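Comments concern the structure below.
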Amino acid sequence: MRPPSERLELPDAWGTSRASRLFPGWWLAHADLHNHTRLSDGAGDPRLAFASMRAAGLDVAALTDHSRWASVFLNQFKAPGWTGMDGRGWRQTIALAEAANADGEFVALHGFEWSHYAQGHMNVWNSAGFTDPLRTAPTMSRFWRWLEGPGDDGLAGFNHPGTGRLRFDNFGYRPAMARRLVSLELFNKLDDYLLKGTDRGRQSPLNQCLNAGWRVGLLGVTDEHGADWGHPEGKGRAGLWVRELTRAGVLEALAARRFFASRVKGLRVDAALTSLAGAGGSRARMGTAVAHPGGPVRIEVDLDRGEAWRGRRLMIQVLRPGERLPTLAATLEVALPGPEEPVASLELDLDPAGGDWVVVRVTDPAEPPDPRATGEWAHQGRAIAYTSPFWLDRPG
């Protein structure tokens with residue numbers, strides 16, 4: 001495996017070290033994996049998109065124009081953008097990603113957004129082909145079969161969950177896609193989807209997806225439809241923990257769920273969960289499972305945003321399964337430490353019988369919470385990051 005590029009060894013554009021304080025040898029790559037152009041319903045020239053994102057400080061970017069029903073035109077003439085990407089657009093997306101990709105400097109991925117008005121939208125990255133709901137409607141099953149057909153072609157994720165009234169058939173689980181269905185968007189544009197629909201009696205999408213059995217990581221994305229890709233402030237983005245800034249390294253990080261959702265440029269987040277039950281204990285990183293029979297665990301969180309945020313007060317919450325909303329299992333207020341100070345740490349008891357997943361959420365208590373937040377959720381402030389889950393597996 002190639003060593004990390006020089007770019008990853010240096011602080012990022014916001015002065016934040018890219019090196020994990022919990023897992024030495026891993027490096028933070030800033031990513032945005034959901035963007036649109038005039039190839040579907042975006043405003044910008046697709047030939048400018050990757051350069052714009054690279055200039056904005058991103059290390060990894062993807063173009064994922066909508067696929068809707070452009071196949072009705074049978075590739076006989078160019079489909080209008082609002083009908084979604086056609087075959088010409090798909091081939092152009094691949095060509096643009098190939099031209100922009102520069103291993104060790106910038107990773108460009110091609111993809112598409114399968115866009116169904118009732119089920120919801122899903123991204124597919126790095127696949128050889130594409131499809132649209134016209135060819136895979138009216139149920140989710142036909143799209144699942146299309147994805148499963150190639151066997152090992154591309155990675156997929158649930159987008160802005162809750163915007164389709166059927167929510168991917170209530171996140172119905174597909175064992176054949178367990179490895180390749182890698183993500184759930186929690187930040188999309190300026191929105192936090194943790195509480196989406198809960199003010200109308202629906203389940204939290206996070207709770208519903210993870211309780212259905214999906215072992216997905218958590219993404220932030222800009223879902224950019226303008227022509228200033230990568231530049232707006234406050235929109236979602238992701239941090240990927242990689243050993244090398246190559247396409248293979250990025251796809252491996254996605255498949256391993258070794259990433260976090262953020263909406264603060266330059267924010268570094270890493271987390272470890274250690275089971276303290278029994279002799280020795282087991283330690284896991286976000287996106288992975290840890291053997292844990294029940295009892296005490298230690299959660300460590302590495303947070304940084306450079307010198308400008310030193311001493312800033314943030315809240316760390318531990319989220320566990322619930323009926324409609326996740327359960328707030330623990331909270332901790334911290335001040336962002338200096339590079340020589342210990343990382344944040346808390347201990348609590350976790351019982352796998354109460355559900356197999358654990359998510360760490362980071363909020364800024366000085367900012368207003370989600371307007372849908374009530375009760376204890378209303379006192380946490382504005383969410384700025386989510387780690388991918390840990391999963392608790394009973395030994396043996």
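None of the values given here were measured: they were computed from a predicted structure.
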Checking side chain to side chain contact (heavy atoms under 4.5 Å, CB included) for the pair Leu184/Leu206: CA distance, chi angles, key distance, verdict?
-> CA-CA 8 Å; Leu184 173 75; Leu206 174 69; 4.2 Å; yes
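- We find that Lys265 and Glu233 are joined by a salt bridge, their nearest charged nitrogen and carboxylate oxygen being less than 4.0 Å apart.
- Ring to ring, Phe187 and Tyr193 are not that close: their centroids are 6.0 angstrom or more apart.
- Here the SG atom belonging to Cys209 is positioned 12.5 Å from the CZ atom belonging to Arg215, to the nearest 0.5 angstrom.
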Please test His110 against Gln92 for side chain to side chain donor-acceptor pair (under 3.5 Å), starting from the C-alpha separation and ending with a verdict.
-> CA-CA 9 Å; His110 69 266; Gln92 184 177 358; over 6 Å; no
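- Between His66 and His225, the gap from one ring centroid to the other is short of 6.0 Å.
- Considering Asp349, Thr274, Leu348 as possible partners of Pro296, the one that fulfils the side-chain contact (heavy atoms from CB on, under 4.5 Å) test is Asp349.
- A salt bridge links Arg7 with Asp59: at least one charged nitrogen is closer than 4.0 Å to a carboxylate oxygen.
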Let me have the donor-acceptor pairs involving side chains of residues 385-392, under 3.5 Å, with sequence neighbours excluded, atom names and distances please.
{"unit_1": "Tyr386", "atom_1": "OH", "unit_2": "Asp192", "atom_2": "OD1", "d": "3.0"}
{"unit_1": "Tyr386", "atom_1": "OH", "unit_2": "Asp192", "atom_2": "OD2", "d": "3.0"}
{"unit_1": "Tyr386", "atom_1": "OH", "unit_2": "Arg361", "atom_2": "NE", "d": "3.1"}
{"unit_1": "Thr387", "atom_1": "OG1", "unit_2": "Val360", "atom_2": "N", "d": "3.2"}
{"unit_1": "Ser388", "atom_1": "OG", "unit_2": "Leu218", "atom_2": "N", "d": "3.1"}
{"unit_1": "Ser388", "atom_1": "OG", "unit_2": "Arg257", "atom_2": "O", "d": "3.4"}
{"unit_1": "Ser388", "atom_1": "OG", "unit_2": "Phe259", "atom_2": "O", "d": "2.6"}

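- Using cut-offs of 30° and 60° for the angle between ring planes, the Phe168 and Phe158 rings count as tilted.
- Both the sub-6.0 Å distance and the 45° axial angle are satisfied by Arg285 relative to the ring of Trp241.
- Cation-pi contact between Arg243 and Trp26: present, with separation from the ring centre below 6.0 Å and deviation from the ring axis of at most 45°.
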Under 3.5 Å, sequence neighbours excluded: what are the donor-acceptor pairs made by side chains of residues 334-347?
{"unit_1": "Glu341", "atom_1": "OE2", "unit_2": "Gly338", "atom_2": "N", "d": "2.5"}
{"unit_1": "Glu347", "atom_1": "OE2", "unit_2": "Arg298", "atom_2": "NE", "d": "3.4"}
{"unit_1": "Glu347", "atom_1": "OE2", "unit_2": "Arg298", "atom_2": "NH2", "d": "3.4"}

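- Using modelled atom types, no side-chain atom of Arg167 and backbone atom of Gln208 make a donor-acceptor pair closer than 3.5 Å.
- Side-chain contact between Thr331 and Glu333 is absent, with no heavy-atom pair separated by less than 4.5 Å.
- A donor-acceptor pair is defined here as one N or O able to donate and one able to accept, closer than 3.5 Å; such a pair exists between the side chain of Arg324 and the backbone of Thr198.
- Of the possible polar contacts, one joining the Trp125 side chain to the Leu33 backbone as a donor-acceptor pair under 3.5 Å is found.
- In this structure, the ring of His116 has its center no less than 6.0 angstrom from the ring center of His121.
- The backbone N or O of Gly172 lies less than 3.5 Å from no partner atom in the side chain of Asp169, so there is not a single donor-acceptor pair.
- The closest donor-acceptor contact from the side chain of Asp393 to the backbone of Ala289 lies at 3.5 Å or more, if one exists at all.
- Taking OG of Ser67 as the reference point, atom CZ of Phe130 lies at 6.5 Å (rounded to 0.5 Å).
- For the pair Arg268/Arg18, no side-chain contact is recorded, criterion being any heavy-atom separation below 4.5 Å from C-beta on.
- When hydrophobic side chains of Ile, Leu, Val, Met, Phe, Trp and Tyr are connected at separations under 4.5 Å, Met53 ends up clustered with Leu48, Phe50, Leu58, Leu63, Leu96, Phe106, Trp229.
- For the pair Arg283 and Phe23, the distance from NZ or CZ to the six-membered ring centre is under 6.0 Å and the angle to the ring normal is within 45 degrees.
- A donor atom on one side chain and an acceptor atom on the other are not found under 3.5 Å apart for Asp103 and Thr246.
- For the pair Thr64 (side chain) and Glu113 (backbone), a donor-acceptor distance under 3.5 Å is absent.
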ring-ring contact (aromatic ring centres under 6.0 Å, His included) evaluation trace for Trp214 with Phe171 = CA-CA 8 Å; Trp214 292 106; Phe171 289 102; 8.3 Å; no
Any chance you could lay out the side chain to side chain contact (heavy atoms under 4.5 Å, CB included) test for Asp32 and Val221, step after step, and finish with the verdict?
-> CA-CA 5 Å; Asp32 186 4; Val221 300; 3.9 Å; yes
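- Salt bridge Asp364/Arg312: present, at least one basic N to carboxylate O contact under 4.0 Å.
- No donor-acceptor pair under 3.5 Å is formed between the side chain of Asp270 and the backbone N or O of Ser20.
- For Arg180 (side chain) and Gly154 (main-chain N/O), a donor-acceptor pair under 3.5 Å exists by modelled atom type.
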